[in-house]
Amino acid sequence: MATESAVTREFRANWILAKVDNKEPFQFVRFRKQITINPNLTDAVLFITADTFYRLRVNDTFVMHGPARSSPGNAAVDTINVTPYLNQKQNTITVEVFHGPSQFEALAQAPGLFCELEIQEGNTKRVIYTDGTWESYEIVAWNRQSPRFSTQRGWVEDFDARTEVPELWVPAKVIGKAGTVPWK
């Protein structure tokens with residue numbers, strides 16, 4: 001399937017947020033969307049970015065982390081072919097998002113996820129995008145007192161599984177379309 005680049009694409013996706021109780025100095029949240037794929041799947045391309053970083057999994061398989069480096073005011077949108085990770089039944093897209101003070105490779109504005117999946121099933125094209133039907137929750141087991149690697153890098157990832165609580169999924173909060181403040 002030929003898709004336009006993320007630069008020229010007219011996105012349907014919204015920036016979404018998760019309810020977060022622990023705002024400082026950084027936040028960890030998880031988003032998910034469950035989708036059904038028809039047996040005649042031919043191609044699936046995902047466009048994704050997050051503020052500040054993300055880890056993408058499809059059906060519990062790690063696919064990618066990002067986004068690519070970007071300059072202030074111009075969020076990088078990664079384009080990923082996820083066809084090999086989908087099966088012809090129920091699928092789950094899960095994205096862990098870390099939001100924190102800006103390092104040199106990213107500009108932190110506000111915690112958020114922006115994602116759009118274009119699926120080609122035979123002669124039918126379908127688009128699934130971040131909206132209020134996505135679920136989210138805060139991951140509280142990340143230690144917010146962990147040290148930084150250096151001034152040029154983020155914090156050490158210190159996860160204490162003993163403090164993890166059961167996943168309490170709630171609807172994500174829709175902020176707005178591409179170009180919504182603070183993301184240009």
Going by chain and number, the hydrophobic cluster around F62 (ILVMFWY, side chain to side chain under 4.5 Å) further includes none
Option from L117, V77, T79, L113 for which side chain to side chain contact (heavy atoms under 4.5 Å, CB included) with I48 holds | L113
Looking at OG1 of T133 and NZ of K33, how far apart are the two atoms once the value is rounded to the nearest 0.5 Å?
-> 2.5 Å
Quick one: list whatever passes side chain to side chain contact (heavy atoms under 4.5 Å, CB included) with N123, sequence neighbours left out.
-> none
Tightest non-hydrogen contact, residues V97 and G112, listed as CG1-O, 3.9 Å
Partner set under side chain to side chain donor-acceptor pair (under 3.5 Å) for Y129, not counting sequence neighbours = none
Could you go step by step and tell me if I93 and Y85 meet the side-chain contact (heavy atoms from CB on, under 4.5 Å) rule?
-> CA-CA 10 Å; I93 299 169; Y85 304 99; over 6 Å; no
Tell me, please, which residues at least two apart from R12 pass salt bridge (Lys or Arg N to Asp or Glu O under 4.0 Å).
-> none
Does N59 use its side chain to pair, donor to acceptor, with the backbone of T61 at less than 3.5 Å?
-> no
State the CD1-CZ distance between I139 and F28, to the nearest 0.5 angstrom.
-> 7.5 Å
The side chain to side chain contact (heavy atoms under 4.5 Å, CB included) partners of V174 (sequence neighbours excluded) come to N14, I16
How about V63 and L46: do any of their side-chain heavy atoms sit closer than 4.5 Å?
-> no
Applying side chain to side chain contact (heavy atoms under 4.5 Å, CB included) to Q34 and not counting sequence neighbours gives R32, Q90, T92
Measure up the F47 and F11 rings against each other and bin them: parallel (under 30°), tilted (30 to 60°), perpendicular (over 60°).
-> perpendicular
What residues, two or more places apart in sequence or in another chain, satisfy ring pair (Phe, Tyr, Trp, His ring centres under 6.0 Å) together with F31?
-> none
Quick one: does S136's side chain get under 4.5 Å of V170's, heavy atoms only?
-> yes
Going by heavy atoms in the side chains, are W134 and C115 under 4.5 Å from each other?
-> yes
For the residue pair Y137 and W169, categorise the inter-ring angle as parallel (less than 30°), tilted (30 to 60°) or perpendicular (more than 60°).
-> perpendicular
Check step by step if side-chain contact (heavy atoms from CB on, under 4.5 Å) holds for D78 and H65.
-> CA-CA 9 Å; D78 297 329; H65 65 90; over 6 Å; no
Just by modelled atom types, is the Q120 backbone N or O under 3.5 Å from a matching donor or acceptor in the T42 side chain?
-> yes
Within a reach of under 6.0 Å around NZ of K173, are more than 12 heavy atoms found that belong to other residues, nucleotides or ligands?
-> no
Check salt bridge (Lys or Arg N to Asp or Glu O under 4.0 Å) between D21 and all other residues, then give those that pass, not counting sequence neighbours.
-> K19
Any residue meeting side chain to side chain donor-acceptor pair (under 3.5 Å) with E116, in chain and number order, not counting sequence neighbours = R9
Over all heavy atoms of both residues, which pair between T36 and E121 is shortest? Give the atoms and the distance, please.
-> O-OE2, 4.4 Å
Find the distance between CD1 (I35) and CD1 (I128) and round it off to the nearest 0.5 Å.
-> 4.0 Å
Not counting sequence neighbours, which residues clear side chain to side chain donor-acceptor pair (under 3.5 Å) with N81? List them please.
-> D43, T83
Under the 3.5 angstrom rule, does the side chain of T49 hit a backbone N or O of A76 as a donor-acceptor pair?
-> yes
Within a strict 4.5 Å, meaning less than it, do heavy atoms of the M64 and Y54 side chains meet?
-> yes
